[in-house]
Every structure is written in C-alpha cells, then in structure tokens.
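Let me begin by presenting the structure, written as structure tokens, before commenting on it.
Atoms considered below: every heavy atom in the structure, side chains included; atoms not considered: hydrogens, waters and symmetry mates.
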Amino acid sequence: MTAIGIHDLELASTHHVLDLGVLAEHTGVDPAKYRLGLGQDEFSVPAPDEDIVTMGASAALALLERTGTRGVRTLLFATESGIDHSKAAGVFVHQLLGLPPQVRVAEIKQACYGATAAIQAAVGIVQRHPDERVLVIASDVARYALDSPGEPTQGAGAAAILVSADPALVEIEAASGLFSENVDDFWRPNDSSTAIVDGKLSISAYLDAMTGAWDDLVAHGGPDIGAIDRLVYHQPYTKMAKKAQARLAEHTGAELGEAGLAEGAVYNRRIGNAYTASLYAGVASVLDHEPGLVGKRLGLFSYGSGSVSEFLTGVVRPGAAGRDDRFTAALDARVPLDVAAYRELHAQQLPSAVDVETPRVTEAPFRFAGIRGASRRYERR
Ligand code: CAA
C-alpha cells in the first residue's frame with residue numbers, strides 16, 4: 001500500500017511578541033514560574049491587521065511556493081478561534097492563495113484536536129485519490145482573560161501541512177488510538193472571546209486522555225513503546241509535554257526520561273499555545289532540531305479539550321534530512337510589546353456591525369484590512 005502522510009510543513013506566527021519576563025514584572029510573579037514552571041519564554045500576539053486567516057495563509061503560501069498547487073482539491077482549516085459562525089476561514093485563504101474554484105473547503109473544530117482530525121480526513125481522501133493532495137491549515141489565537149492563570153499560556157500561530165501519497169517528511173501509520181469524553185476542562189461559548197478553563201482539571205483530563213488513547217493504540221495494533229523513537233505532544237505550554245512523557249513512562253514501564261522534549265519545544269516555548277497548531281509546531285521543532293531521525297518512528301499525541309484525543313504514529317522519511325531551524329529567524333523578527341500595549345491589543349474587539357479599517361502593521365504577506373458591510377476584508381500586502 002502506498003505511504004501517505006505529511007509531505008511538507010510550514011509555520012507562521014505574528015508581528016508582535018510579549019516576553020514573559022516583562023509580564024512577570026507586571027504581575028509580580030517569579031519569572032522562573034513561567035520559564036521553568038510552565039516552560040514558556042514568550043508568547044506571540046497578533047497585530048490589529050492579523051488573525052487566523054492571515055497567519056494560516058502566510059504559512060500556506062510559503063509551503064506552496066515550494067511544492068506548487070498541483071493536485072490540491074481540498075483545503076481543511078482547523079481552528080478553535082474561528083472568525084465566523086458560518087463561513088469557513090479557509091474560504092478567505094482559498095482566495096488569498098489564488099486557488100482555483102475546484103477545491104472543497106471546510107472548517108473543522110474540536111479545540112486543539114481539529115488539525116489531527118483534518119489530517120486523518122486528508123489521509124482518507126488521498127487513499128481514495130492518490131494523485132490528490134490535501135492542504136491542512138491549523139491556525140489559532142489562544143486567548144485567556146487578563147490576570148488569569150491561563151494568561152501566560154496564551155499565544156498565536158499557524159501550521160500549514162500538505163498531505164500526500166509518497167510524502168517527503170512523515171508517513172502516517174494506519175493504527176491510531178482514540179479517546180473521547182465529555183469533560184468541562186476548557187471551552188469557549190459563542191459569545192466569549194476568551195476561553196473558560198479549569199486549569200487543574202484540564203491537566204488531569206489531558207493526562208487521562210493520553211493513557212486512554214495509548215491503550216486504544218495498543219489495542220488496535222500500534223507499535224510497542226520500545227518501537228517509538230521520539231514522542232511529540234500537544235503543548236499548551238511545554239512543561240505539559242514533560243508531564244505527559246513522565247505519565248506515559250509510568251503507564252508503560254518504559255524508560256523515556258526527557259528524551260526529545262527540548263528539541264520538540266524550541267518553537268513552542270516562544271510561540272505560546274497555538275491550540276490546533278501546537279502539536280504540529282512541535283513536530284516541526286523536532287524535525288528541524290534533531291538530526292538523524294530519518295527512518296525513526298514518531299509517536300504523536302493530539303489533545304483537544306472537551307475532550308477528543310488521538311495517539312498516532314509516523315515514520316520519518318528522507319525529505320526530513322534537508323530541514324534545519326527555519327523558524328527561529330521569524331520569531332526573532334517579532335516586535336516586542338510592553339505590557340500596556342499588549343493589554344490594549346488584548347482588549348481590542350471589532351464589532352461586525354461597524355465598518356472599520358485596521359492600521360497597517362503586519363509585514364506578513366497577507367493582512368486583515370478591516371470590516372465592511374459586516375464582512376471581513378483581507379488583502380495581499
Ligand atoms: N519556580 C519554578 N517553578 C515554579 C515556580 C517558581 N518560582 N512557581 C511555581 N512553579 C511551578 C509549579 O510548581 C507548577 O509546576 P507543576 O505543574 O510541575 O506542579 C507550575 O509552575 C505551574 O504552577 P501552578 O500550578 O501554581 O500554576 P497556575 O495555577 O498558575 O496555573 C495552569 C497553571 C493551570 C497550566 C494555567 O496556566 C492554565 O490554566 N493554563 C490554561 C490551561 C492549560 O493550558 N491546560 C493544559 C491542559 S489542557 C490542553 O492541553 C488544551 C489546551 O491547549 C488549552
């Protein structure tokens with residue numbers, strides 16, 4: 001059977017960044033709590049003319065400039081932070097990228113899990129039509145209330161993932177483990193721009209879902225823990241991956257230590273949480289920072305609060321040998337905010353009933369130009 005999986009993977013983030021040392025000074029919290037306790041150094045903050053569409057389109061543009069658009073007949077946009085209750089954010093991206101009308105576009109939602117659901121749907125489409133390729137975009141702005149415990153775990157970013165037959169980067173293996181359960185650990189009602197979260201419950205729900213999904217993977221013919229060379233986890237903050245790896249070691253009896261955690265956290269420590277994109281930022285981080293992974297097996301744990309989770313595995317393909325740290329320069333180029341400017345951006349909400357033009361701030365390829373006639377407008381810079 002033909003191998004199917006991730007052919008290419010690209011990340012994008014925002015114009016601004018808040019250093020958690022600056023936030024710590026404001027909150028009076030020991031900065032070590034953020035850097036060591038949560039494992040986070042910074043978080044990305046969108047400019048007024050950036051959102052999930054502009055980040056997702058920027059990531060996809062960079063990817064498609066390498067791969068071309070041949071065979072792309074499906075665009076799946078995964079997000080927790082959608083910009084419309086009805087229209088898929090991917091429809092805007094489809095236009096910005098100049099894709100032809102012969103493309104199916106849809107949005108997938110289940111908190112941070114959505115991108116994994118999109119990738120599995122993409123694998124199914126490619127299995128049926130091996131000449132087709134599916135563009136999956138995961139893009140989110142993670143927002144919690146100011147002065148809440150979740151505040152230092154905010155962030156923003158996008159991953160563009162091209163799923164194809166005979167993939168260059170990672171073959172997704174057939175067996176996967178699932179675990180779903182109705183739990184009130186994190187959710188966001190339609191009228192709220194910030195998530196409601198029970199932090200402690202979210203941590204235990206994540207860990208229980210992980211062992212549940214692992215057991216289901218084993219029950220469905222997945223590999224032994226000893227046959228997995230690197231584990232990459234959804235990282236709401238990078239300390240969570242450490243907790244997950246320790247729990248998995250305890251659960252399976254394997255000696256996992258902290259292997260691979262630092263390599264898988266390089267980008268996430270600086271982006272913050274990017275919900276659907278976080279696991280795939282971790283995958284990019286591992287591929288870009290750990291040489292010698294070709295032929296090795298990755299275990300990927302995807303968790304979406306509420307909750308749906310999946311443990312899947314993939315084998316790294318030769319194309320990954322050409323990767324290097326391609327994203328740190330973009331993160332370094334972000335413009336730092338002070339706390340007052342960050343709080344002002346956090347408070348900003350554009351009512352759809354009022355026409356508005358956003359200021360020109362972003363230097364990314366695409367910008368959110370504003371609202372006209374209750375409709376969002378985007379443009380290429
Ligand atoms: N030096 C070093 N470490 C310190 C420290 C210091 N001075 N002070 C505290 N710490 C450590 C604590 O010991 C703790 O470590 P452990 O978790 O290993 O015990 C860590 O810093 C955090 O401290 P607290 O537990 O006191 O933190 P908190 O109550 O302020 O909140 C949180 C932590 C619950 C994660 C909060 O940030 C939050 O609610 N975040 C949003 C929810 C979230 O990310 N949940 C994760 C699972 S859900 C999920 O994955 C889906 C998703 O994307 C949201």
Output yes when a side-chain donor or acceptor of D49 lies under 3.5 Å from a complementary backbone atom of V361, and no otherwise. yes
With distance as the sole criterion, is a donor-acceptor pair present between the side chains of D215 and H251 under 3.5 Å? yes
Interatomic distance, CG@D51 vs CD1@I83, rounded to 0.5 Å, equals 6.0 Å
Count the heavy atoms of every other residue, nucleotide or ligand shown that sit under 6.0 Å from CZ of R372, and state whether that count exceeds 12. no
From CA spacing to verdict: side-chain contact (heavy atoms from CB on, under 4.5 Å), I203, Y206: CA-CA 5 Å; I203 294 171; Y206 174 120; 5.7 Å; no
Any carboxylate oxygen within less than 4.0 angstrom of a Lys/Arg side-chain nitrogen, looking at D131 and R70? no
Distance col, row L38:CG vs K33:NZ, nearest 0.5 angstrom, shows 6.5 Å
If only atom types and distance count, is the side chain of H16 paired as donor or acceptor with the main-chain N or O of P46 below 3.5 Å? no
I'd like to know if F301 and Y237 are part of one continuous hydrophobic network [Ile/Leu/Val/Met/Phe/Trp/Tyr, side-chain heavy atoms within less than 4.5 Å]. yes
If we ignore hydrogens and angles and just use 3.5 Å, is the side chain of T211 paired with the main-chain N or O of D208 as donor and acceptor? yes
Is there a side chain to side chain donor-acceptor pair (under 3.5 Å) between S307 and E181? Walk through the geometry before answering. CA-CA 5 Å; S307 74; E181 181 179 38; 4.8 Å; no
Write down the atom of L75, the atom of L99, and the distance for their closest heavy-atom approach. CD1-CD1, 3.9 Å
Which atom of L61 lies closest to which atom of P365, heavy atoms considered: CD2-CB, 3.8 Å
Classify the side-chain pair E151/H346 by whether it contains a donor and acceptor separated by less than 3.5 Å. no
Scanning both residues in full, the closest heavy-atom pair of V126 with A165 reads CG1-N, 3.5 Å
Residue pair S285, Y280: steps toward the side chain to side chain donor-acceptor pair (under 3.5 Å) verdict: CA-CA 8 Å; S285 188; Y280 299 95; over 6 Å; no
Would you indicate whether Q348, at its atom CD, is surrounded by more than 12 heavy atoms from other residues, nucleotides or ligands within a distance under 6.0 Å? yes
So, does R381 use its side chain to make a donor-acceptor pair with the main chain of A364 at under 3.5 Å? yes
Does a side chain donor of either S193 or R143 reach within less than 3.5 Å of an acceptor in the other side chain? yes
Return the CG to CD1 distance between L248 and I225, rounded to the nearest 0.5 Å. 4.5 Å
Checking D325 side chain against T328 main chain: does a donor-acceptor pair fall under 3.5 Å? yes
Is the side chain of Q127 donor-acceptor paired with the backbone N or O of I4 at a distance under 3.5 Å, no angle test? no
In the structure I gave you, are the side-chain heavy atoms of F368 and R376 within less than 4.5 Å of one another anywhere? yes
Is the shortest heavy-atom distance from the side chain of F366 to the side chain of V53 under 4.5 Å? no
Kindly determine whether R133 and V163 satisfy side-chain contact (heavy atoms from CB on, under 4.5 Å), including the steps that lead there. CA-CA 6 Å; R133 303 191 289 175; V163 174; over 6 Å; no
Salt bridge check, D41 against R269: does any charged N sit closer than 4.0 Å to a carboxylate O? yes
Look at R377 together with E357 and state whether they make a salt bridge at an N to O cut-off of under 4.0 Å. no
Distance, nearest 0.5 Å, that separates OG of S58 from CG of L11: 12.0 Å
Looking just at side-chain N and O atoms, do Q235 and Y267 make a donor-acceptor pair shorter than 3.5 Å? no
Are I108 and Y275 connected in a single hydrophobic cluster, I mean Ile/Leu/Val/Met/Phe/Trp/Tyr linked by side-chain heavy atoms less than 4.5 Å apart? no
Backbone N or O of V45 within a donor-acceptor pair of the T14 side chain at under 3.5 Å? yes
Applying ring-ring contact (aromatic ring centres under 6.0 Å, His included), run through Y342 and F43 and close with a yes or a no. CA-CA 11 Å; Y342 146 68; F43 62 75; 5.6 Å; yes
Decide, yes or no, whether a salt bridge links E379 with R360 under the criterion of side-chain N to carboxylate O below 4.0 Å. yes
Run the numbers on V134 and V123 for side-chain contact (heavy atoms from CB on, under 4.5 Å), then give the verdict. CA-CA 8 Å; V134 177; V123 168; over 6 Å; no
For the residue pair L201 and D184, what are the closest heavy atoms and their distance? CD2-O, 3.4 Å
What about V170 and I161, same hydrophobic cluster or not, with Ile/Leu/Val/Met/Phe/Trp/Tyr joined at side-chain heavy-atom distances under 4.5 Å? yes
Closest contact, heavy atoms only, L9 versus R323: O-NH1, 3.2 Å
Salt bridge present between E263 and R230 (N-O < 4.0 angstrom): no
Side chain to side chain donor-acceptor pair (under 3.5 Å) between E50 and T362, worked out: CA-CA 7 Å; E50 293 178 319; T362 186; 2.8 Å; yes
Verdict with supporting geometry, S13 and R334, side chain to side chain donor-acceptor pair (under 3.5 Å): CA-CA 9 Å; S13 194; R334 290 170 302 173; 4.8 Å; no
Does R367 qualify as a cation-pi partner of Y378, given the criterion of NZ or CZ under 6.0 Å from the six-membered ring centre and within 45 degrees of its axis? no
Nearest heavy-atom approach of V315 to G295 is CG1-O, 3.9 Å
Residue of the set N273, D140, T238 for which side-chain hydrogen bond (donor to acceptor under 3.5 Å, both in side chains) holds with S278: N273
Just by distance, no angles: are the side chains of Y303 and D185 close enough, under 3.5 Å, to form a donor-acceptor pair? yes
Please report the interatomic distance CG(L231) to CG(L298), rounded to the nearest 0.5 Å. 8.5 Å
Criterion side-chain contact (heavy atoms from CB on, under 4.5 Å) on F77 and S139, from CA distance to verdict: CA-CA 8 Å; F77 196 109; S139 186; 3.6 Å; yes
Hey, does the side chain of R297 reach the backbone of A227 with a donor-acceptor pair shorter than 3.5 angstrom? yes
S192 side chain to P189 backbone, donor-acceptor under 3.5 Å: no
Within a radius of less than 6.0 Å around CD of Q95, do more than 12 heavy atoms belonging to other residues, nucleotides or ligands occur? no
Is any NZ, NE, NH1 or NH2 atom of the basic residue among K109 and E80 found under 4.0 Å from an Asp or Glu carboxylate oxygen of the other? no
Do R35 and D19 meet the salt-bridge criterion of a basic N to acidic O distance under 4.0 Å? yes
Pair E107, K87 - check salt bridge (Lys or Arg N to Asp or Glu O under 4.0 Å), show working. CA-CA 8 Å; E107 189 163 303; K87 187 171 179 175; over 6 Å; no
Just how far is it from atom CG of D355 to atom CD1 of I371, taken to the nearest 0.5 Å? 8.5 Å
Any R188 side-chain heavy atom under 4.5 Å of S81 side chain: yes
Treating Q40 as the side-chain partner and N268 as the backbone partner, does any N or O pair qualify as donor plus acceptor under 3.5 Å? yes
I'd like to check V266 versus D288 (side-chain heavy atoms, cut-off strictly below 4.5 Å). Are they in contact? no
